[in-house]
Amino acid sequence: MNRRAFLQATAQLAALAAVGHLGACTQSKPFKFDKDPFTLGVASGDPLADGVVLWTRLAPDPLSGGGMGGAPVDVDWLVARDDGMRDVVRSGTSSALPDLAHSIHVEVGGLDPDRVYWYRFRAGGAESPVGRTRTAPAGEATPQRLQFAFASCQNYTQGYYTAHANLAREDLHAVLFLGDYIYEGTARGDIVRDYAKRGWSYTLADYRDRYAQYKTDRDLQAAHAAFAWIVTWDDHEVENNYAGGIDRDDPHNKAALAERAAGYQAFYEHMPVRAPRPQGPALKLYRSFSYGGLATFFVLDTRQYRSPEVALCRELDQTPSGYCPASIDPTRTMLGADQRGWLLKSLSASASSWNFVAQSVRFAQQDSNPEPAKHTFDGVDNWMGYVADRQAILEQFASSNNPVVLSGDSHVNFVYDLKRDFGDPTSPTVGTELLATSISSEGDPFIEQTLFTPPAKNPQLRFFDNHRGYVRCSLEPARLTADFRAVSTVRKPAATVSTTATFVVDDGKPGARRA
Ligand code: FE
Ligand code: CA
């Protein structure tokens, strides 16, 4: 029995067991919703040349468990070549199951490459909004342009999603979201709106309600409905700064693993991902997407397999190297052996003109010690706490076509030259890092800052800016152009967007220059 047949059989059994559970659900009379079940919008993602994943979740009572009861519900879906949904090319029915919070993930196939499609769902007499999506170009194609944006960190309580409202109006093939889609904690800092349920998220029910709170936002829904998204996660989808690579047999880790299983399950239920559903605290999220021969995106998971965070680093940070000894321990890993092997092998085999490593946390080295003769590399939650894996990737970058790391997490924009040896200023630049600021996390900048001149201690740093927004990229075979888009405010529901800076990476010349 394959997975689909199994799900159908399970759904039928559950439906038989639950007849009558949802008032109007009888065999003679079709089930009708008396409230809109499409309160969380629609989404598409994980684009291939012949298909995409379509997502929605039925939730007539979104902030209190969804309001769906215990029976599966059939959801009809349509894919059309026009936004009026007349020229339908694919359609079907999926069962929204209670053990997946009545979410559905439709893996549509048989579509044409590099083409815009529209999609819509129907269930119980209700109709969803129409979403737009786009397939990737065929493998043998040589696209002359690819337009995408990337973003991260959308703390709901710290700002309105004015960045998403503006992102939805861009002209893009796809959006990459690099983590902190939700924040699991209580509202803190300068709050512009609060959660309906204010507590911390620990259980599956908590995480589901937290995702639902985020996804009721109309601007976030608009950004999902406008483009196919490619997502990965960071820490706050489970818990601040967690490291997943822990001993699963150690009974001390039982609570952390249960929380992680709940967080992973809710993530899967709310994201348009093709990945198989999680098995307890395990979900394989790292994967790649290609746009013909022009670009490949290697999407990493920097949380699930990483060694525990370096402890007591601040007390130890006056070591001669400036690193905590544990940060440079070659046995520690950010990616885990399987993912690291996959990434290095895939990068080495890639024939793409441009190779993007899309991942959550800052990759480049940064020295935060103000004294010229002393060094402090204290990014224990980012790649500076995992030097061996970073160095292996930098070595591979030296022989890869146009490697560019796309990152999030820092809540500010950075552009870095990636040096083969960060300890040697004369070392060649082997790649570029573009780091996207937050959508809303930390709110409007207290003091606006923009920096273009590389500081003496960190000549690899080309740009810093602390506005809220996202990065819009236009890729051609000979050039990557990145526009750092900043919104005027997140303290009000509407805002304008402008470009703070534009950086360009030329084919064959790693490192970004200001346009
Ligand atoms: Fe964040
Ligand atoms: Ca983070």
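In listed order, ligands and their atoms are each counted from 1. One is the number of the first residue; the rest follow in order along the sequence.
- In terms of distance to the Ca ion (ligand 2), the nearest N, O or S atom of D235 is named OD1.
- A cation-pi arrangement is present between R514 and F452, with the terminal nitrogen or guanidinium carbon under 6.0 Å from the aromatic centre and inside a 45° cone about the axis.
- Taking the six-membered ring for Trp and thresholds of 30 and 60 degrees, F503 and F463 have ring planes inclined between 30 and 60 degrees apart.
- The N, O or S atom of D180 with the smallest distance to the Fe ion (ligand 1) is OD2.
- Among the atoms of H236, no N, O or S atom falls under 2.8 Å of the Fe ion (ligand 1).
- Annotation: cation-pi geometry satisfied between R362 and F414 (NZ/CZ under 6.0 angstrom from ring centroid, within 45° of ring axis).
- Our summary of the site lists the angle at the Fe ion (ligand 1) between SG of C153 and OH of Y183 as 100°, to the nearest 10 degrees.
- Remark: R193 is positioned above the aromatic ring of Y161, its terminal NZ or CZ atom under 6.0 angstrom from the ring centre and at most 45 degrees off the axis.
- Here the closest non-hydrogen pair linking W55 and M271 is CD1-O, 3.8 Å.
- Considering the Ca ion (ligand 2) as centre, the angle to OD2 of D234 and to OD2 of D180 is 110° (10° rounding).
- D409 contributes OD1 as its N, O or S atom closest to the Ca ion (ligand 2).
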